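Treat the numbers as computed from the prediction; the structure is a model and nothing was measured. Proteins get letters first, then strands, A, B, ... in listed order; numbering begins at 1 in each.
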There are 2 protein chains.
Amino acid sequence: MNIAGETVRLETLDATALARGIAAGAFTSEAVMRACLDRIAEREPDVRAWAHLDAEAALAAARAFDRSGRTGPLGGVPFGVKDIIDTADLPTEWGTPIHRGRRAGRDAACVALSRKAGAVLLGKTVTTEFANLHVGPTRNPTDLDRTPGGSSSGSAAAVADFMVPLAIGTQTTGSTVRPSSFCGIFGYRPTYGEHRLHGVMEASGSLDTLGICARSLADVALYRDVLLGVPPEPVGRRERPPRIGLCRTHVWPQVDPTVQRRVEEAVDRLARAGASVTEIEMPAGFEALTDAHRWISSFEFVRNLAWEIETRWDGISDTLRGGRIADGLDCPLARYIACIELAETCRARMATVWEEVDVLVGAAATGEAPLGWDAFAGADLYKMWTALHVPALTLPLLEGPNGRPVGLHFVGARHGDRALFACADWAWRQLA
Amino acid sequence: MNIAGETVRLETLDATALARGIAAGAFTSEAVMRACLDRIAEREPDVRAWAHLDAEAALAAARAFDRSGRTGPLGGVPFGVKDIIDTADLPTEWGTPIHRGRRAGRDAACVALSRKAGAVLLGKTVTTEFANLHVGPTRNPTDLDRTPGGSSSGSAAAVADFMVPLAIGTQTTGSTVRPSSFCGIFGYRPTYGEHRLHGVMEASGSLDTLGICARSLADVALYRDVLLGVPPEPVGRRERPPRIGLCRTHVWPQVDPTVQRRVEEAVDRLARAGASVTEIEMPAGFEALTDAHRWISSFEFVRNLAWEIETRWDGISDTLRGGRIADGLDCPLARYIACIELAETCRARMATVWEEVDVLVGAAATGEAPLGWDAFAGADLYKMWTALHVPALTLPLLEGPNGRPVGLHFVGARHGDRALFACADWAWRQLA
């Protein structure tokens with residue numbers, strides 16, 4: 001593609017730029033889709049990010065968009081969808097052989113809202129088994145010997161590798177933030193409860209949210225609004241630097257020392273750029289949320305999987321049987337409810353933190369993606385935040401000891417997602 | 001069926017008695033299923049409670065249970081399932097022609113947990129369109145010229161008419177409590193969040209719960225535990241009378257004067273039986289939850305239905321288009337989030353109420369089932385309670401001006417469902 005005398009590789013543009021270019025007639029949705037498919041043809045044998053892909057159907061849908069005269073905030077932009085999310089026109093197999101060939105016959109709410117905004121489905125991205133602990137075939141595009149992270153492995157890897165500009169994931173623990181950090185992209189877990197999950201496999205209803213994998217903060221904000229079904233608003237520009245809380249949390253000793261240092265250096269730079277920085281310790285008792293998350297997610301997961309456990313036991317991996325399922329069957333009701341009540345109490349107590357700071361900053365993973373296939377490395381880092389129902393963002397700003405990407409983590413107040421974006425945008429402009 | 005010299009009509013027993021009788025060898029699951037099917041053959045042309053029924057398959061499943069030697073808390077007991085809840089072996093059509101013939105291929109969590117407990121699926125019960133405002137064909141078995149109430153119309157009517165001892169419904173506003181009150185049975189909406197909804201059509205995820213329709217309080221408690229996937233505990237017997245709050249709420253002026261008087265008389269009798277009775281006014285500002293419920297449920301509903309709205313508009317009723325869908329499209333994000341935050345605040349403020357009383361008592365409907373097909377009469381009565389996420393029970397204890405059933409409503413603290421059952425049991429023993 002040639003624009004204003006320069007060759008533009010369409011697959012490298014973000015969704016915001018692609019939607020603008022298509023709307024302006026600079027290129028077509030078909031050209032964008034073809035660029036993505038070419039990239040996939042080249043890289044997919046190594047990366048293995050896709051569970052289902054129908055190149056001809058995707059091109060036909062892009063051509064149909066071009067012919068339609070339709071507009072929309074994501075007009076003509078390809079998107080990928082984690083394979084625990086229903087689509088009308090591709091299988092949705094939840095990462096398990098038990099549901100091989102399963103077809104939902106309709107779009108999940110988030111998929112229908114994407115299409116309503118003009119986005120064109122490219123394909124379904126690899127998920128771990130039932131979005132849980134047993135990993136899929138995907139490899140980290142920044143280093144094929146490393147895990148991409150899970151459970152939204154394919155969504156993060158595909159976006160990072162320029163196969164697609166946007167992908168929907170989900171998060172019950174760290175399933176969007178972690179793979180986004182490992183693969184070096186923008187990852188976003190929204191405030192719990194704001195986005196609808198109709199047509200998304202429930203893992204743990206008290207914790208599940210959608211997630212967004214993207215290559216710019218503008219794309220994250222745009223796609224959040226599309227998935228909320230509201231008119232998109234651009235990321236607000238902060239007039240004044242934010243009040244930043246450096247929040248190491250009780251998981252800090254698990255964080256790689258190089259990453260610890262990089263987080264502290266980044267926060268120092270933000271302070272020098274004018275942000276007020278406070279060290280924030282989470283209130284006493286919050287460390288118990290790590291354990292509470294374990295029991296809530298396990299108790300709920302095994303009940304959601306009752307049909308598979310009762311009738312398709314042979315199709316379930318040993319990883320899942322011995323891990324989440326054993327935990328879930330082991331947890332009595334009283335413990336589950338005590339954990340739910342602890343999480344509720346802690347959510348209310350977060351109000352005192354937001355009196356002091358606008359945003360909490362820390363590491364988005366305990367380190368760079370490890371060598372091998374431990375897609376769930378550093379899970380404890382996410383449990384407290386996810387149980388608190390707060391929105392979280394990872395920005396690709398740091399590197400680990402081997403030069404692999406690590407994200408800087410930004411956490412905001414519940415329902416304060418737009419304010420969180422504005423804080424992260426300010427930080428990005430200081431650090432990127 | 002002849003037990004100890006007396007003829008027992010099996011279809012009239014509750015699930016607790018049926019499970020005991022089957023376990024003791026007094027009768028078979030097949031005999032119970034046949035009794036239910038005979039009742040259905042006789043009454044279904046008038047009542048029209050069932051969306052899908054396969055009599056031969058249901059009998060075969062009952063015989064398979066009898067042969068299996070299996071036991072379980074609901075061993076051999078037939079159950080019905082609202083048709084927005086997936087089952088492996090019958091269609092799940094969500095009450096809309098758009099999804100005619102839809103097959104999910106697996107059981108929802110609640111269905112799988114029912115079968116795990118030994119229950120045998122009888123069939124799918126009629127729901128209103130998408131569990132929303134457009135009514136189905138079901139009639140009230142206590143008076144065929146009256147609505148059974150919605151949206152769990154078939155579940156309540158089938159249980160009330162002795163077609164099945166237990167049925168699963170759902171509640172987003174009053175969709176289990178209202179039809180249970182209208183049809184004269186026990187209806188239960190659990191604490192929000194405790195029961196899994198995997199495989200249940202999401203109407204409004206911030207409000208949706210399962211619901212239980214039954215013919216005894218023991219059955220409600222037993223089925224609650226089965227659907228939680230925990231070992232059942234019988235209803236606790238209170239040693240002392242409970243502290244009762246007579247709570248008329250701001251909706252009281254909408255309640256039929258006869259029903260108002262009957263509620264007050266019932267509470268007087270409970271006072272004479274030893275309960276301490278306090279008049280409880282909900283804290284100031286709670287009346288705004290009625291409106292908040294409207295915006296939360298509408299905002300979420302239209303997003304969940306994005307696929308149908310975008311691609312199957314012609315299949316949606318005018319009732320739904322002009323009501324819930326118009327509201328949902330009209331509601332800006334800021335109002336939705338303000339309503340979510342109001343509901344959260346009010347939930348926390350309920351703690352002061354539970355310092356004073358153990359249970360709140362009021363009317364379970366604004367009156368008896370009206371003549372005609374207004375399945376959603378008196379909706380305002382339920383909105384505050386449902387938004388508060390508290391558990392609620394209706395007990396068939398009152399009558400309206402025309403002698404039709406009305407329930408006495410019992411509301412407990414969140415996660416205090418077992419304590420609520422014990423209070424309701426004490427009241428039942430004084431009043432029934």
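Chain B forms the most heavy-atom pairs under 4.5 Å with one residue out of Glu341(A), Arg347(A), Arg102(A), and that residue is Glu341(A). For the set Glu202(B), His99(B), Arg196(B), Arg303(B), the entry with the most heavy-atom pairs within less than 4.5 Å of chain A is Arg196(B). Listed options Asp225(B), Leu228(B), Thr191(B) were ranked by heavy-atom pairs under 4.5 angstrom with chain A; first place goes to Leu228(B). Ranked by non-hydrogen atom pairs under 4.5 Å with chain B, the options Arg103(A), Glu344(A), Met201(A) are led by Glu344(A). Counting heavy-atom pairs under 4.5 Å between each of Thr311(A), Asn304(A), Leu113(A), Leu329(A) and chain B puts Asn304(A) at the top.
At a 4.5 Å heavy-atom cutoff, the contact between Ala88(A) and chain B is made by side-chain atoms alone. With a 4.5 angstrom heavy-atom cutoff, Ala203(B) does not touch chain A via any of its atoms. Only the side chain of Ile337(B) comes within less than 4.5 Å of a heavy atom in chain A; its backbone stays farther off. The parts of Glu300(B) that come within reach of chain A are both its backbone and its side chain, each placing non-hydrogen atoms under 4.5 angstrom from that chain. Residue contact with chain B, scored on non-hydrogen atoms closer than 4.5 Å, is absent for Arg312(A). Using a 4.5 Å cut-off between heavy atoms, Leu227(B) does not touch chain A at all. Contacts between Ile309(A) and chain B at a heavy-atom distance below 4.5 Å are absent for every atom of the residue.
Within the 3.5 Å criterion, the main-chain N or O of Ser204(B) finds a donor-acceptor partner in the side chain of Asp208(B). In this structure, Gln171(B) contributes its side chain and Thr209(B) its backbone to no donor-acceptor pair below 3.5 Å. Arg189(A) places a side-chain N or O within 3.5 Å of a backbone atom of Thr386(A) that can act as its donor or acceptor partner.
Ring-plane geometry between Phe130(B) and Phe301(B) is classed as perpendicular, the angle between the planes exceeding 60 degrees on a 0 to 90 degree scale with a lower cut at 30. Relative ring orientation between His198(B) and Trp94(A) is described as tilted, the plane-to-plane angle lying within the 30° to 60° band. Between His195(A) and Tyr188(A), the ring-plane angle classifies as perpendicular under the 30° and 60° cut-offs.
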Practice item. Could you walk me through whether Lys82(B) and Ser175(B) pass side chain to side chain contact (heavy atoms under 4.5 Å, CB included), step by step? Key: CA-CA 11 Å; Lys82(B) 185 176 183 176; Ser175(B) 282; 4.3 Å; yes

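Classification of Asp107(B) and Arg115(B) as a salt-bridged pair holds, one side-chain N sitting under 4.0 Å from a carboxylate O.
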